[in-house]
Amino acid sequence: MTAHTTPALSVPSASAPFRQTTIERRDLRADDVRIDIAYAGICHSDIHQVREEWGTSPFPMVPGHEIAGVVSEVGESVTRYAVGDRVGVGCMVDSCGECEMCRADEEQFCTKGSVMTYAGEGYDGEITMGGYAGSVAVSERFVCRIPEGLGLDAAAPLLCAGITTYAPLKRWGAGPDARVAVIGMGGLGHMGVKIAAAMGAEVTVLSRTLAKAEDARAYGAAHQYSTKEEATFTELAGSFDLILNTVSADLPMEDYLALLKPFGAMVNVGIPNSPYSVPPGSVVGQSKVLAGSMIGGIAMTQEMLDFCAEHGIAATIETISADEVDAAYDKVVAGDVRYRYVIDVSTITPTD
């Protein structure tokens with residue numbers, strides 16, 4: 001079991017385009033599985049990292065934390081997976097496994113610090129390289145099984161967009177007796193609509209325009225409203241048990257909190273450029289909650305994949321080739337994708 005090279009899409013700096021090249025993956029450790037990657041989703045956070053919009057990034061960088069493929073090799077102590085299994089990898093590839101959060105299956109909050117799938121520093125000091133590549137070696141603890149009912153291409157975005165929306169919907173009680181609003185109908189929002197509807201909630205989409213209203217209905221939304229219309233906030237005041245905010249825009253939070261019922265929660269999964277401005281009375285007056293949510297642990301990620309397969313839902317995708325990724329980044333920023341770009345990794349052909 002030796003280290004090997006694999007095709008990859010690498011970006012050398014924040015201002016440079018992607019290059020089709022090769023990278024070296026590590027020797028297979030005893031608990032590792034090697035995955036031949038078939039598809040890698042493009043998450044907006046990839047763009048933030050590549051363009052250094054969240055601070056300094058390590059280069060060269062191979063992004064990608066929405067990974068779907070097939071096990072091609074296993075380490076000597078692996079028990080959960082075998083060659084040929086359909087699997088996925090999300091935002092994390094390691095954690096200490098011993099702290100309170102790890103023992104509670106919440107590895108994303110590891111006290112030692114979870115190791116991100118790309119642009120993160122592993123416990124061995126190496127910088128991680130992500131899923132825009134032909135293969136990856138990952139500890140079996142951070143690999144999820146993709147059910148047969150899910151195509152690998154449409155399953156890839158579930159490893160981030162799926163768990164990012166599933167976790168808060170489950171935690172805050174989306175279900176048959178709940179009225180849920182989803183702000184935004186993008187890569188995250190369309191999954192929020194599908195999952196909340198599958199959970200049995202009455203779903204309303206709040207978006208700047210009604211251009212995606214037909215899609216929203218098809219994904220299970222009962223109602224769609226334009227947030228550009230002042231009447232929307234009057235008509236819907238006090239309507240929702242839960243609002244899932246999937247956008248990173250600087251929203252007037254007081255207006256949106258007014259849409260909640262008493263004891264309702266507004267949960268944010270996007271990070272805007274400016275701090276929220278929230279008058280205390282907008283939450284204190286009716287015991288409302290303004291919360292945030294990250295991803296979920298590996299156990300919940302597997303639960304989400306099984307849930308999606310059971311209910312016949314997955315990401316709505318546009319599959320692209322390796323030479324289309326730079327243009328796809330610009331289209332994601334412009335909102336010109338329905339609803340997640342997925343790279344066909346077989347199209348990566350190194351030129352150097």
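None of the values given here were measured: they were computed from a predicted structure.
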Flag the pair [X] and [Y] as a salt bridge only when some basic side-chain nitrogen lies within less than 4.0 angstrom of an acidic carboxylate oxygen.
| X | Y | value |
| --- | --- | --- |
| K112 | E98 | no |
| R29 | D124 | yes |
| D241 | K261 | yes |
| D330 | R51 | yes |

So, the side chain of [X] versus the backbone of [Y]: is there a donor-acceptor pair under 3.5 Å, distance only?
| X | Y | value |
| --- | --- | --- |
| K331 | V337 | no |
| E76 | A30 | no |
| N268 | G270 | no |
| H311 | C308 | no |
| K194 | A314 | yes |
| T164 | C160 | yes |
| Q224 | V205 | no |
| T128 | G120 | yes |
| S226 | R208 | yes |
| T319 | V342 | no |

Problem set entry | Under the salt bridge (Lys or Arg N to Asp or Glu O under 4.0 Å) test, residues paired with R217 that sit two or more places apart | none
Problem set entry | Those residues that, when tested against D177, pass salt bridge (Lys or Arg N to Asp or Glu O under 4.0 Å) (two or more places apart) |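 Per chain and number, D177 pairs via salt bridge (Lys or Arg N to Asp or Glu O under 4.0 Å) with no residue.
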For [X] and [Y], test the side chains for any donor-to-acceptor distance below 3.5 angstrom and give the result as yes or no.
| X | Y | value |
| --- | --- | --- |
| S207 | Y225 | no |
| E324 | S321 | yes |
| S135 | H4 | yes |
| Y276 | D250 | no |
| Y118 | Q49 | no |

Problem set entry | Among I163, L159, V269, the one residue meeting side-chain contact (heavy atoms from CB on, under 4.5 Å) with I295 |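 Per the side-chain contact (heavy atoms from CB on, under 4.5 Å) rule, the option paired with I295 is I163, out of I163, L159, V269.
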For this session: From the options V332, V333, V325, select the one residue that forms a side-chain contact (heavy atoms from CB on, under 4.5 Å) with Y329.
Result: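 Among V332, V333, V325, the one that satisfies the side-chain contact (heavy atoms from CB on, under 4.5 Å) with Y329 is V325.
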Exercise. Closest heavy-atom contact between P279 and E254?
Worked result: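 For P279 and E254, the tightest heavy-atom pair comes out as CG-OE1, 3.4 Å.
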Exercise. With the 4.5 Å side-chain cut-off for hydrophobic clustering, are M300 and M294 part of the same group?
Worked result: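 Shared cluster, yes.
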For this session: Consider only side-chain heavy atoms of I, L, V, M, F, W and Y, link residues closer than 4.5 Å, and tell whether V78 and I37 are in one cluster.
Result: yes
Tell me which donor-acceptor pairs under 3.5 Å the side chains of residues 138-150 have, and how far apart each pair is, sequence neighbours excluded?
| residue | atom | partner | partner atom | Å |
| --- | --- | --- | --- | --- |
| S139 | OG | D31 | OD2 | 3.0 |
| S139 | OG | R141 | N | 3.3 |
| E140 | OE1 | T79 | N | 3.2 |
| E140 | OE1 | R80 | N | 3.0 |
| R141 | NH2 | D94 | OD1 | 3.2 |
| R141 | NH2 | S95 | O | 2.8 |
| R145 | NH1 | D85 | OD2 | 3.2 |
| R145 | NH2 | R80 | O | 2.6 |

Problem set entry | Worked check of side-chain contact (heavy atoms from CB on, under 4.5 Å) between L158 and M304 | CA-CA 8 Å; L158 299 181; M304 174 275 303; 3.9 Å; yes
Problem set entry | From CH2 (W172) to CD1 (I243), nearest 0.5 Å |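 CD1 of I243 is found 13.0 Å from CH2 of W172.
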Exercise. Parallel under 30°, tilted from 30 to 60°, perpendicular over 60°: which one fits the rings of H190 and Y339?
Worked result: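 Parallel, since the angle between the ring planes stays under 30°.
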